[in-house]
Amino acid sequence: MAKRALITGVTGQDGAYLTQLLCDKGYEVFGILRRSASSDVIGERLRWLGVLDRINLIDADLLDLGSLIRAFEQVHPDEVYNLAAQSFVKSSWNQPILTGQATGMGAVNVLESLRIVHPKARFYQASSSEMFGLIQEPVQNEKTPFYPRSPYAIAKLYAHWMTVNYRESFGIHASNGILFNHESPLRGIEFVTRRVTDAVARISLGLSRSLALGNVDASRDWGHARDYVKAMWLMLQQDEPDDYVVATGRTVTVREMCRIAFAHVGLNWEDHVEINQDLMRPAEVDVLLGDPSKAKAKLGWEPEASLEDLIAEMVDADIARHKGRLA
Ligand code: GDP
């Protein structure tokens, strides 16, 4: 019988790539869909990857425990991936309570449903490199102490430790993937890589001239979401649950990422980028750099796409999108 997977956050970037991966592996995939007035566009990412008609969508919400319990009773999943969150760091200062509820407590609602209905299901929690925040070691691994710097990171830290606690308290097969930034053509437009690649596309097509950015000195370890969802799946195939850093081991400034993106279409980023103080954050995470050695050794996982490949794919996809709109 086909394995059954239940995914929260299925309409997001990682949800779409994970759905594709699991469908290709022969899983029956169920996704939790939060009702919204924009339901006509909500399946866009799944449609883009050609998997919208291969997934079963269930009407439920992370903040409504009863709806989650009913989803678990309906699906009886073998594997559960909790990818849902208020995932944008900057918004978390504007909506700290919602972020705490969705990103922090939402994970516990999923864990509770699993514990009540189907404690044998395996659980994946989308933990985040943002938990390292004000970094305590120059290269971060699973043993590096956390120092979160935003309401988002603090909520993620709570969910992270609750996942560890459910593993230790109830013997649940629960694993945290501490994923460093991961991007793709399906990345939300508010994140810096996508803001840049979309602007490069518009500028190269003559639709725009400039791009306003915040702190271009910040540095991130950026990988491809398509590679990172493979690590999620691998964690749930292990005999023992555990926590893993998923990263590339290379860090690059926003400035350098811009240079790569503009250079892909033969432009000089300094001719187009303006710094806007309103885009700075109340507290910044200056640099993140992950050490994925444990994931490599235990899961046999390695990233495939380089940052240059990733940015080129994103720029090309944004150019195609804008051309499609112009046609
Ligand atoms: P995050 O690492 O999850 O916060 O991912 P983001 O892509 O939102 O931000 C990555 C880094 O880029 C942060 O240090 C931001 O301060 C920096 N950054 C600089 N300009 C911008 C901008 O215009 N938008 C965003 N989202 N980030 C920016």
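Remember, it's 1-based here, ligands and their atoms both numbered in the order they're listed.
- Near V89, the atoms of ligand 1 lying under 4.0 angstrom from a non-hydrogen atom of the residue are 3 (O), 4 (O).
- Of all atoms in ligand 1, numbered sequentially from 1 with element shown, those under 4.0 Å from a heavy atom of F88 are 8 (O), 26 (N).
- Among protein heavy atoms, the minimum distance from atom 22 (C) of ligand 1 is reached at R195 NH1, 3.7 Å.
- Scanning the protein for heavy atoms near atom 26 (N) of ligand 1, the closest one is E190 O, 2.9 Å.
- With respect to atom 13 (C) of ligand 1, the closest heavy atom belonging to the protein is R220 NH2, 3.4 Å.
- Numbered from 1 in the order shown, with element, the atoms of ligand 1 that lie under 4.0 Å from a heavy atom of N181 read 1 (P), 2 (O), 3 (O), 5 (O).
- If you check each of V192, D217, V254 against atom 27 (N) of ligand 1, the one with the closest non-hydrogen atom is V192.
- Nearest non-hydrogen protein atom to atom 17 (C) of ligand 1 is N215 O, 3.8 Å.
- The shortest N/O to N/O separation between T193 and ligand 1 does not fall below 3.5 Å.
- Geometric assessment of R194 against the ring of F191 yields a negative cation-pi assignment under the 6.0 Å and 45° thresholds.
- Shortest contact from atom 4 (O) of ligand 1 to any protein heavy atom: R281 NH1, 2.6 Å.
- Short contacts between ligand 1 and E130, defined as distances under 4.0 Å to a heavy atom of the residue, involve ligand atoms 1 (P), 2 (O), 3 (O), 4 (O).
- Taking every heavy atom of F191 and a limit of under 4.0 angstrom, the matching atoms of ligand 1 come to 5 (O), 6 (P), 7 (O), 8 (O), 26 (N).
- Atoms of ligand 1 lying under 4.0 Å from at least one heavy atom of E284, given by number and element, are 13 (C), 14 (O), 15 (C), 16 (O).
- In this structure, K25 forms a cation-pi arrangement with W233, its terminal cationic atom sitting closer than 6.0 Å to the ring centre and no more than 45° off the ring axis.
- Taking the ring centre of W222 as origin, the terminal cationic atom of R250 falls outside the region bounded by 6.0 Å and 45° from the ring axis.
- In the hydrophobic clustering of ILVMFWY residues, with side-chain heavy atoms under 4.5 Å counting as a link, I311 and L213 come out together.
- Remark: of the listed residues D61, L68, V10, L68 is the sole one forming a side chain to side chain contact (heavy atoms under 4.5 Å, CB included) with I32.
- Here is the list of ligand 1 atoms found below 4.0 Å of a heavy atom in A218: 14 (O).
- At least one donor-acceptor pair closer than 3.5 Å links the side chain of D318 to the backbone N or O of D198.
- By the 6.0 Å and 45° rule, R226 does not stack over the aromatic ring of Y17.
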**OP:** Run the numbers on R259 and E308 for salt bridge (charged side-chain N to carboxylate O under 4.0 Å, His left out), then give the verdict.
**Re:** CA-CA 10 Å; R259 192 197 61 72; E308 286 74 9; 5.8 Å; no

Original post:
Stepwise, does the salt bridge (charged side-chain N to carboxylate O under 4.0 Å, His left out) test hold for D242 with K294?
Top reply: CA-CA 10 Å; D242 205 345; K294 179 174 169 184; 3.1 Å; yes

**OP:** Begin with the C-alpha distance, continue with both residues' side-chain angles, and end with the deciding distance and a verdict on side-chain hydrogen bond (donor to acceptor under 3.5 Å, both in side chains) for Q125 and N176.
**Re:** CA-CA 5 Å; Q125 168 61 18; N176 284 297; 5.3 Å; no

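- Near G214, with a cut-off below 4.0 Å to any heavy atom, the atoms of ligand 1 are 19 (C), 20 (N), 21 (C), 23 (O).
- Between R187 and ligand 1, a contact under 3.5 Å exists for no N or O pair.
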